[in-house]
Participant: 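Quick one: the structure is below, and I'll ask about it shortly.
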Amino acid sequence: MKKWGRLKKRSDFLRVQREGKKWVSKSLILQAAPGTEGTSRFGLTVTKKIDKRAVIRNRIRRRLRALAYDVLTEKALHGTDYVLIGRQDTLDKSYDEMCKELAWCLKRLECLKPFPTSCKKREAGHVSQ
RNA sequence: UCGGAAAGCCGGAUGGCCGCGCGUCUUCCUUGCGAAGGCGGGAGGAAAGUCCGGGCUUCACGGAAACACGGCGCCGGCUAACGGCCGGGCAGGGCGACCUGACGGAAAGUGCUGCAGAGAUUUAAACCGCCGAUGGCCUUUAAGGCACAGGCAAGGCUGAGAAGGUGCGGUAAGAGCGCACCGCGUCGCUGGCAACAGGGACGGCAAUGGUAAACCCCGCCGGAAGCAAGACCAAAUAGGCGUCCCGCAUGGUGUUUUUCCGCACCGGGGCGCGGGUAGGUUGCUAGAGGUCUGCGGUAACGCAGAUCCCAGAUGAAUGGCUGUCCCCGACAGAACCCGGCUUACAGGCCUUCUGGCUUU
RNA sequence: CGGGAUGUAGCGCAGCCUGGUAGCGCGCCUCGUUCGGGACGAGGAGGGCGGAGGGUCGAAUCCUCUCACCCCGA
């Protein structure tokens, strides 16, 4: 997880938007572009268009961050910068469904690792507990 | 028991696993940095709107005052300060507990007061009206009639507003014309720190309509901007300064009255310095601080003692999954920090008071 | 986070300071012109001051609160 830095500057976000590929799903939008120095980073975007209230936007951002830590580290190719953009459905969708949607997005952008280790196994473990 | 009023408080609770970021301690290490582990703490009553008041910082500035502009505005107190709070007065509302109030000055001056209406602030006005005592005309014994001169501001009408109100007297009809009470004004008296209240004498009211959230007058307050303030470190690139070396063919500028000669600068490279951008560090949380107790004060609040340390992020920390319980969870997220105001808000707790009904 | 401005017919704007009638251009409708349309000419309608409260006799205008949108400071 140490390898996963964060996109911090506006120019980074603009670069990913300009150079990268995009896939839109119901609850989130994923943008991906090749990283600059071979490292992987991710960033989050939640605009005021989605909701005016800071509480709602914070909650969406936190769910996206949890998703990034769980899914990207397990399934996504390294050496790539990712940007997760929140939508209104991000607030209410169940976490399992969002895991699947993010994996689907990765697959469509051809960033999926060839041998996916198991987000699903972890989930199954938790349920049994 | 059913309504109502006021003041205060709470804002789901408690666990498990995996994570986030802050402080601190220990250990490891290549000791700049980082890693692992332990411990502690981790959003609100409004964190919001940014409407006021301060602290803090930079800029400006002899101290200061005045003009302009803006804000505030019954009186007294509290406070670091306030447009806040507490207490009191006055006015309005409510059966009441209580609530509400931009609440100085219209007798310093200027402006505005559309339409309607006879008339809207110089002396206000005669449309419908009332009277016609006095004078005039007609009839005529007298009485009476006409409504010409005129008198009137009581009634109607218009309007948001017609300029003291009610009653009695008075009169031709009327009128503060006279009187009583109320209102208003002036001057004493009494109570109160004061706002103001009570009562007295005088005035006789076209004195003094309304509007100051129109200009304004009076009193008080205010230098400006804001942590993206400000301070420090500082890459690349370009330019600046100093110094050394190389070059100085031609040309330009300065020195010179002019010409020639000479000197300095304008070129390139190295080193150093300073400003400064990206970026980073800091400001950054111990404070007009919280809790408890005692004392003073009607209260806001103050004083004293004890005790506690209680978010400090910077693409921005509270998340993911899940167990149990209940009334099934509203409004909503710190961003330099405090004191207020305003706005949003499911539900619940407690205290005091008030009105109705019933029972004793 | 801080600073500043704007909300008026379907669209773009004036009026607000100094309160009483909401107006202009484009658009829309009808008629004329034309074989028909456009352009042009004549006539007309529609309804609008972001929302709530206040003071005023009376508010688009004055005051307070609130909502939306935009701009500036990296």
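All values derive from a computational prediction rather than experimental measurement. Proteins come first, then strands; the chains are lettered A, B, ... in the order of their sequence lines, and each starts at number 1.
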Participant: Between B/G165 and B/G156, how far is it from one P atom to the other, in whole Å?
Facilitator: 13 Å

Participant: Whom does B/G19 pair with, Watson-Crick or G-U wobble, provided both distances fall under 3.5 Å?
Facilitator: none

Participant: So which nucleotide does B/C263 pair with, by the Watson-Crick or G-U wobble rule with both distances under 3.5 Å?
Facilitator: B/G254

Participant: For B/C325, give its Watson-Crick or G-U wobble partner with both distances under 3.5 Å, or none.
Facilitator: B/G12

Participant: If anything within 90° of 0 is syn and all else is anti, what is B/C310?
Facilitator: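 What B/C310 shows is a syn base, its glycosidic angle lying within 90° of 0.
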
Participant: Provide the distance between the two P atoms, one in B/C72 and one in B/A213, to the nearest whole Å.
Facilitator: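 Here B/C72 and B/A213 have their P atoms 10 Å from each other.
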
Participant: Rounded to the nearest Å, what distance is computed from the CG atom of residue A/L67 to the P atom of nucleotide B/C321?
Facilitator: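 Going from CG in A/L67 over to P in B/C321 covers 10 Å.
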
Participant: Could you tell me how far B/G185 sits from B/G210 if I compare only their P atoms? Round to whole Å.
Facilitator: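 It comes out at 12 Å once rounded to the nearest Å.
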
Participant: Looking only at atom P, what distance separates B/U79 and B/U298, rounded to whole Å?
Facilitator: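 Comparing P positions in B/U79 and B/U298 gives a spacing of 16 Å.
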
Participant: When rounded to the nearest 0.5 angstrom, what distance separates CG in A/L102 from NZ in A/K107?
Facilitator: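 Reported value, rounded in 0.5 Å steps: 14.0 Å.
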
Participant: Just name whichever nucleotide pairs with B/C241, Watson-Crick or G-U, keeping both distances under 3.5 Å, else none.
Facilitator: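 Looking at the geometry, B/C241 pairs with B/G272.
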
Participant: So which nucleotide does B/G117 pair with, by the Watson-Crick or G-U wobble rule with both distances under 3.5 Å?
Facilitator: none

Participant: Pairing check on B/G355: which nucleotide meets the Watson-Crick or G-U wobble criteria with it, both distances under 3.5 Å?
Facilitator: B/C2

Participant: Of the nucleotides B/G315, B/A317, B/G320, which one has an atom closest to the side chain of A/T45?
Facilitator: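 Comparing B/G315, B/A317, B/G320 against the side chain of A/T45, the answer is B/G315.
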
Participant: When the C1' atoms of B/G53 and B/A80 are considered, how many whole Å apart are they?
Facilitator: 10 Å

Participant: Out of curiosity, A/L84 CG to A/Q31 CD, how far, rounded to the nearest 0.5 Å?
Facilitator: 9.5 Å

Participant: Output the residues of residues 49-57 of chain A in contact with RNA chain B, where contact means a heavy atom of the residue under 4.0 Å from an atom of the strand; sort by number or write none.
Facilitator: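 When residues 49-57 of chain A is checked for heavy atoms under 4.0 Å from RNA chain B, the hits, listed by number, are A/R53, A/A54, A/V55.
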
Participant: Nearest to the side chain of A/R65, which nucleotide is it out of B/A316, B/C321, B/G333?
Facilitator: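 The answer is B/A316.
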
Participant: Do you know which two heavy atoms are closest between A/A68 and A/F42, and how far apart they sit?
Facilitator: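 Looking at all heavy atoms of both residues, the shortest contact is CB-CE1, 3.6 Å.
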
Participant: Please report the shortest heavy-atom distance between A/L109 and A/K21, naming the atom on each side.
Facilitator: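 The answer is O-NZ, 3.1 Å.
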
Participant: Using the C1' atom as the reference point in each nucleotide, state the distance between B/C184 and B/G209 in Å, no decimals.
Facilitator: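 Those two atoms are separated by 14 Å.
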
Participant: Please give the nucleotide sitting opposite B/G174 as a Watson-Crick or G-U wobble pair, both distances under 3.5 Å, or none.
Facilitator: none

Participant: Who does B/A278 pair with, Watson-Crick or G-U, both distances under 3.5 Å?
Facilitator: none

Participant: For residues A/G86 and A/I50, report the shortest heavy-atom separation together with the two atoms involved.
Facilitator: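 It is O-CD1, 3.0 Å.
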
Participant: Syn or anti for B/G188? Use the chi torsion, O4'-C1'-N9-C4 for purines and O4'-C1'-N1-C2 for pyrimidines, with syn inside 90° of 0.
Facilitator: syn

Participant: With rounding to whole Å, what would you report as the distance between B/G272 and B/G254 at their C1' atoms?
Facilitator: 29 Å

Participant: Provide the closest heavy-atom pair for A/R57 versus A/D51 in the form atom of the first, atom of the second, distance.
Facilitator: NE-O, 3.0 Å

Participant: If you link ILVMFWY side chains whenever their heavy atoms are less than 4.5 Å apart, which other residues fall into the same cluster as A/I85? By chain and number, please.
Facilitator: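 Reading the cluster by chain and number, A/I85 sits alongside A/L7, A/F13, A/V16, A/V24, A/I29, A/V83.
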
Participant: For A/W23 and A/C105, work out which heavy atoms get closest and say how close.
Facilitator: CD1-SG, 3.6 Å

Participant: If you count the non-hydrogen atoms of other residues, nucleotides and ligands that lie under 6.0 Å from CD in A/Q88, is the total more than 12?
Facilitator: no

Participant: Are A/K93 and A/R87 side-chain neighbours, meaning at least one heavy-atom pair lies under 4.5 Å?
Facilitator: no

Participant: Using a 90° cut-off around 0 for syn, call B/A332 syn or anti.
Facilitator: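 Here the answer is anti: the torsion falls beyond 90° from 0.
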
Participant: If I take atom CD in residue A/Q31 and atom P in nucleotide B/G315, what distance separates them, rounded to the nearest angstrom?
Facilitator: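 For the pair A/Q31 CD and B/G315 P, the rounded distance is 19 Å.
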
Participant: On RNA chain B, does the nearest nucleotide to A/V46 precede the nearest nucleotide to A/S94 from the 5' side, or the other way round? Give the residue.
Facilitator: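 So the residue in question is A/V46.
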
Participant: Taking the six-membered ring for Trp, does A/F13 stack with B/G315 (centroid gap under 5.5 Å, planes within less than 30°)?
Facilitator: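 Yes, aromatic ring over the base.
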
Participant: Between B/C20 and A/R62, is there an OP1 or OP2 to side-chain N/O distance shorter than 4.0 Å?
Facilitator: no

Participant: Closest approach of A/R63 and A/S94, non-hydrogen atoms and distance?
Facilitator: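 Here A/R63 and A/S94 meet closest at NH2-C, 4.0 Å.
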
Participant: Hunt down any stem RNA chain C takes part in, defined as 3 or more consecutive Watson-Crick or G-U pairs whose two distances are each under 3.5 Å.
Facilitator: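 Only these stems qualify: C:1-4 with C:70-73, C:10-13 with C:23-26, C:28-32 with C:40-44, C:50-54 with C:62-66.
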
Participant: Syn or anti for B/A68, please, going by whether the chi angle lies within 90° of 0.
Facilitator: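 Anti, angle beyond 90° from zero.
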
Participant: Pick one for B/G45: is it syn, with its angle within 90° of 0, or anti?
Facilitator: syn

